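Values in this document were obtained by computation on a predicted structure and should not be read as measured data. Keep in mind that the numbers below use all heavy atoms, side chains included, and drop hydrogens, waters and symmetry copies.
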Amino acid sequence: MVALARKTLVYEWRRFLPAVLAVGFAGLLQLLQAALVLGIFGSASVYITGSSADLWTGYPGTQSVNLGRPISSGVEMRLLMDPEVTRVEPFQWVDADWRGPSDTGGVSVFVSGIDPRPDGMMFSLALPAALRARLSEPDAVIVDLADLDSLGVEVGDTAAINGHRVRVVGVSRGLRALGGVNVVASLATARQLDTDPANADRTTYFVAKVRHPDQVDEIAARLRGANDFDRYDVWTARDFARRSKLYWMFDTGAGAGVLFLAGIVFLVGAVITSQTLIAAVIGSIREYATLNALGVGVSALRKVVMEQAFWVGALGLVCSAVIGGLLMLLGRAYSVPVALSPAATIVCLSLVMALAVVSGLAAMSSQPLPMTPPSATSVSLQAKGVSKSFVSGRVQSTVLHDLTLDMSASELTLISGPSGCGKSTLLAILSGLQGADQGHVIALGQDLSLLNIRALERFRLLHTGFVFQGFNLFPALNALEQVELPLSYLGLSKTDARRRATESLEEVGLGPRMRLRPSELSGGEKQRVAIARALAKRPELLFADEPTSALDAANGQIIIDILHHIARNHGTTVLCVSHDPRLVGHADRVLSMEDGRILSDHRPTSVPTVAGPGTQEPST
């Protein structure tokens, strides 16, 4: 099968480039928005994710680390009584006021009092051992590198926390917290900074390490059931981190605002992607309509559009992934809170890919229906009492008035008349492209009005050919591929399709030029490719809509001779609609129309001998 989607995408890349960029932009928006959301709200659990503890113990109902209330120090003994708990470590949380060296404005900070020993659990993943050891120094504190400016200090400077003088002994990354500045100190220093006398013998949290981490859920449930040592609750590190994130995402105004902005970003990306991709697909809609007229079903064309949209989406997502990765690295270098898990990445890219495919399909519509096979008959094409009207606003215009006619095989029938007389509408109804308001069309013994859409498509694919005034060729395909394309939907093997396409092009005199694209062919040659495309299917019915109106006299004569040759040599019923007077003298039968009625039906007394299929186009 001809790779129509990929060939069109490569050959007409300029037309599809805006769609690729739009998909890439939408994907980039999604990735960055997801990274920011996950990074910002992930910082709410930095105390948990930056530590190696398996269990967290705190006041019942605590929703986030920063909302902890002190619990009795006796809880530590209860935790150590469980045989699965190997270590317990206190974590002191203090809300405090920071005053820089210049003692200007105050800054609200969170003091995290941790065990400064090298094997301490709190912030074990964020603090190097050497830096952690410096917290053992009196009044020593560590802050995140990104918070130095907001605190107004440098490493080695002194500041005041709750009126107590402290010294910044170092900085690290990964300490930034959501809702305030995080200052890390030793447990001893943190207790000195806590000005509430009620907390003298109490601790905000206890964190613990267990012997078998795979059983941490069962251990937490067991410890949670005993409250002999004051009120407390126990969570696994995973559950407490999720609890903190969900609180900030859904229970605070900040979370609602960020999520609302994320939704707006998604909608903007969706609109840009869909509109740009639909415009790109609609650029090929005339060629798709040509295939549909030749009998290729809308469902088959939908697969082509889906493939085209898939490749556009894939290229765009590759661009967005590369640029997004670079921007995230840049953001991390400047301490921007960004985080993106593989699962979140896949979800974002899948959403944009689905959007690309749906946007492509939005340019087309179909109704999948079963097929009804035609039956053989001696009359090839009949119209019985056919009428057709169109409504514009409140005005109804009748374009066909109770037409009845029949056509035989091996004849070239011409329907002539001025523009607007209804001849193109009649051709569309006789070929099954439109339905009649009244009457019936009998083609090869089959009443087309009894066929559903899928059956009509199948009928046109097997039994009809169509030649258009505007050629309607795919710019990306050469002449041979143009003719092969509808044959691939007939179920022919690639070899048989190639052989039949070659024979048809040779029959219309284009054998030496079958490897050329439409941009390399003249107008007459393009029309001959269109005729070969219809002829290759070996149709019993061939419809031609103004096949010579865009051609000069010499090329028009060649097309007339080829159509007459097809009727004579292939036994095909050829129905041609035209106002070109040159065709009148070459038709076996001429129907003259005006105002939706057939005024005359006559057969010329003599028809000139056709030149044959090898006729060459005159040189220009």
Side-chain angles (χ1 to χ4, degrees), residues 39-40 42-53 65-66 68 87 89-195 203-205 207 329-339:
I40 290 172
S43 63
S45 62
V46 66
Y47 310 95
I48 308 166
T49 57
S51 304
S52 57
V65 177
N66 64 303
R87 285 187 57 201
E89 183 179 301
F91 172 47
Q92 191 77 16
W93 173 278
V94 181
D95 284 323
D97 177 73
W98 172 284
R99 300 280 174 167
S102 57
D103 199 23
T104 55
V107 178
S108 177
V109 298
F110 302 141
V111 177
S112 298
I114 67 172
D115 188 338
R117 290 178 298 179
D119 59 348
M121 289 180 279
M122 286 303 303
F123 294 115
S124 60
L125 306 180
L127 290 177
L131 182 60
R132 183 187 194 92
R134 297 205 61 185
L135 290 176
S136 300
E137 301 173 12
D139 303 324
V141 296
I142 298 172
V143 298
D144 191 278
L145 177 64
D147 291 328
L148 287 177
D149 288 341
S150 60
L151 295 175
V153 293
E154 297 291 342
V155 175
D157 288 347
T158 59
I161 298 180
N162 287 349
H164 186 89
R165 187 63 59 179
V166 296
R167 184 167 58 92
V168 180
V169 298
V171 294
S172 183
R173 294 184 183 272
L175 298 177
R176 299 193 80 180
L178 183 62
V181 176
N182 186 29
V183 177
V184 182
S186 67
L187 282 167
T189 301
R191 288 189 173 114
Q192 289 179 343
L193 300 176
D194 193 343
T195 57
T203 301
T204 316
Y205 296 98
V207 297
L329 291 175
L330 182 64
R332 286 175 178 171
Y334 285 89
S335 300
V336 177
V338 289

To the nearest 0.5 Å, what is the distance between [atom1] on [X] and [atom2] on [Y]?
X: I161; Y: L193; atom1: CD1; atom2: CG; result: 5.0 Å
X: M122; Y: R132; atom1: CE; atom2: CZ; result: 8.5 Å
X: D194; Y: T189; atom1: CG; atom2: OG1; result: 12.5 Å
X: T204; Y: Q92; atom1: OG1; atom2: CD; result: 4.5 Å
X: D139; Y: R165; atom1: CG; atom2: CZ; result: 10.0 Å
X: R167; Y: D157; atom1: CZ; atom2: CG; result: 10.5 Å

Check: [Y] main-chain N/O paired with [X] side-chain donor or acceptor under 3.5 Å:
X: T158; Y: V166; result: no
X: Y47; Y: N66; result: no
X: N162; Y: H164; result: no

Report yes if the side chains of [X] and [Y] come closer than 4.5 Å at any heavy-atom pair, otherwise no.
X: S112; Y: N182; result: yes
X: L151; Y: V109; result: yes
X: V184; Y: I114; result: yes
X: L131; Y: S172; result: yes
X: L148; Y: V153; result: yes
X: T203; Y: R191; result: yes
X: V94; Y: F110; result: no

Quick check: closest heavy atoms across [X] and [Y], and the distance to 0.1 Å?
X: G113; Y: L187; result: O-CD2, 3.3 Å
X: P101; Y: G152; result: CD-O, 3.4 Å
X: A190; Y: V111; result: CB-CG1, 4.2 Å
X: A159; Y: W98; result: CB-CZ2, 3.4 Å
X: A140; Y: R134; result: CB-O, 3.4 Å
X: R117; Y: R87; result: NH2-NH2, 4.3 Å

| L127/L175 under side chain to side chain contact (heavy atoms under 4.5 Å, CB included): CA gap, chis, key distance, verdict | CA-CA 9 Å; L127 290 177; L175 298 177; 4.1 Å; yes
| Hey, mind stepping through V181 and S150 against side chain to side chain contact (heavy atoms under 4.5 Å, CB included) and telling me if it holds? | CA-CA 9 Å; V181 176; S150 60; 4.2 Å; yes
| request: Start with the C-alpha gap between I142 and V169, add the side-chain angles, then the distance that decides, and say whether side chain to side chain contact (heavy atoms under 4.5 Å, CB included) holds. | output: CA-CA 6 Å; I142 298 172; V169 298; 3.9 Å; yes
